[in-house]
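In what follows, a structure is listed as structure tokens, so that the remarks can point back to it.
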Protein chains: 2
Amino acid sequence: MDDIAHLSALDRADALEAELRERICLLDYLPGQRLSETELAEEFGISRTPLRKVLAKLEGAGLVASRHGVGTFVTELADEELDQIYRLRLELAQLAAKLDPVPPAPETLSRFRRLAERGRALRPDPDSPRPLARLIYDFIQVQAELSANRPLMDFATHLYSQTARLWVHSLYASDLDLGEEIAIFAREVEDILQALETGDLEAAALIHRAHVSMSWRRLRARRLTRS
Amino acid sequence: MDDIAHLSALDRADALEAELRERICLLDYLPGQRLSETELAEEFGISRTPLRKVLAKLEGAGLVASRHGVGTFVTELADEELDQIYRLRLELAQLAAKLDPVPPAPETLSRFRRLAERGRALRPDPDSPRPLARLIYDFIQVQAELSANRPLMDFATHLYSQTARLWVHSLYASDLDLGEEIAIFAREVEDILQALETGDLEAAALIHRAHVSMSWRRLRARRLTRS
DNA sequence: CCGGCTTCTGTTGTGCACAACATGATCCGA
DNA sequence: TCGGATCATGTTGTGCACAACAGAAGCCGG
């Protein structure tokens, strides 16, 4: 992690929150895992008090849940709620292009190009989900630049992060073809990049929507074969 | 406020959070107003520590913002962000009927009937925005029962609360016809009730959408005349 | 009279000790 | 041997004292 000790006190809490968000979304902390306030406070060189403030925010965001006398746990999502989120994301995907769209800046385009390159270079690593999770996580952040509607994009980012971490988690817990999933995602990034380079935000949104739909379908299919 | 001292410790924080949410949404605390941690802690008979945890959650929800050495303030929203939220709500209004709609239970219908009755009985009170704000706040809560998609309805409720408190606030700060606005809202509730009684959730959503649109238009009109 | 510095006051942020609580291990009696 | 109460341990929740900080009032030198 980045060193945060040198930061001014006001920003330190934000940096800490971002760090914990990353660890949860990048599956350093698995769904259901217990987080020790004492250990985390020690690791970051602070007392429990400011750490607890950060955990309270994460609890408000639905990423962790604390139980008195038991522990603080990374949240899991029931299948039903996951389905609800997917249904919602299908609709939201189109809204990004419809509400306050911003023509992608050269900066944004180059970010997408780097993402595409990383997607092509990504090789399946059965032992660590982190490279794939990292790529998706960065993709989510960059994608949030495509609309100026901050409330919408913040919400979409949140939902995407929730599904992404659970998707990657169950991906590694099952016998799905990891290489194939990586290839599909890399293809999505490239397709979206192509649409963006022609300035067609709506096409980019449609492509994204299609991939959300397909990803959800594959997830449900595996869920059925397991039960 | 309800007495919370007798509640078990775990729920007390939740009750406290709900209470502060209400006070902000019901305009007991105006946008921009400073909240004193010490005073609030005294009022609720607790120390600053658990209060600060609640404030941290509210800060995560965007209802308050703390500045080191200065104070904790109820958030205000820039006109631009308010417009973004309204644009978003126009789209979300239809999603409620489209995603995981639930046929309104008799319980829900009777709640809507009581809301309609309160709307008819509501008389403009230029001195206190609380009765109107209370009615809208309750309407928001009941409306959230119309879809089983919890993430969607939670988000919609949050956005609605944000616009509602700022709408009521500017309503009382301007010379708009208070009685007319109340009549319009009461009419909306009755129209929605009528649609729900025929089981037509989509019609109810369309009516709501229309009122969101009109409310936004009136808000913008007054904004122009003031500047 | 004025500009800059200092001091003072009130606020949020932090550290630490202890209370409240849940859970599993242990002990004891039947 | 078994059931239940009791205790031991580790966790989150709370209270309190103090640090860090921002802002305003006051002071002092020019």
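Chain A is the first sequence line, chain B the second, and so forth, proteins listed ahead of strands; every chain is numbered from 1.
Straight-line distance from the CZ atom of A/Phe73 to the P atom of D/dT12: 8 Å, rounded to whole Å. Here C/dG10 presents its P atom at 12 Å from CD of B/Glu39, a figure rounded to the nearest Å. Note: CG (B/Leu16) to P (D/dG13) measures 14 Å, nearest angstrom. For the pair A/Glu37 CD and D/dG13 C1', the computed distance is 9 Å after rounding to whole Å. Here the C1' atom of nucleotide D/dG15 and the CD atom of B/Glu42 are 14 Å apart, to the nearest Å. Atom-to-atom, CG of B/Leu51 to C1' of D/dC16 comes out at 15 Å; the value is rounded to the nearest Å. Between the C1' atom of C/dT12 and the CG atom of B/Leu40 lies a distance of 13 Å, rounded to the nearest Å. Spacing between atom NE2 of B/His68 and atom C1' of C/dT9 amounts to 14 Å, rounded to whole angstrom units.
With C/dG13, D/dG23, D/dT12 as the choices, the nucleotide that has an atom nearest any side-chain atom of B/Val70 turns out to be D/dG23. In the set C/dT14, D/dT12, D/dC21, the nucleotide with an atom closest to the side chain of A/Thr49 is C/dT14. The side chain of A/Ser47 lies closest to C/dT14, out of C/dT14, D/dT14, C/dG13. Looking at the side chain of A/Arg48, the nearest of the listed nucleotides C/dC18, C/dG13, C/dT14 is C/dC18. Listed nucleotides D/dC21, C/dG15, D/dT14 differ in distance to B/Arg12; the shortest reach to its side chain belongs to D/dT14. Picking from D/dG13, D/dT14, C/dG13 the nucleotide with the shortest atom distance to the side chain of A/Lys53 gives C/dG13.
Using the six-membered ring where Trp is involved, A/Trp216 and A/Tyr86 have ring planes that are parallel, under 30° apart on the 30 and 60° scheme. B/Tyr160 and B/His208 have tilted rings, their planes meeting at an angle from 30° to 60° on a 0 to 90° scale.
Contact annotation: A/Arg67 side-chain N/O to C/dA22 OP1/OP2 distance is not under 4.0 Å. Note on A/Arg52: a side-chain N or O is less than 4.0 Å away from OP1 or OP2 of D/dG13. One finds a side-chain N or O of B/Thr72 lying less than 4.0 angstrom from the OP1 or OP2 phosphate oxygen of C/dT12.
With hydrogens and angles disregarded, no donor-acceptor distance shorter than 3.5 Å links the side chain of B/Asn149 to the backbone of B/Asp100.
Between the side chains of B/Arg218 and B/Ser213, no donor N or O sits under 3.5 Å from an acceptor N or O.
Separation of atoms NZ (B/Lys53) and OG1 (A/Thr49) is listed at 12.0 Å; rounding is to 0.5 Å.
Contacts of A/Leu35 with the nucleic acid, taken as non-hydrogen atoms under 4.0 Å apart, involve only primed sugar atoms and P, OP1 or OP2.
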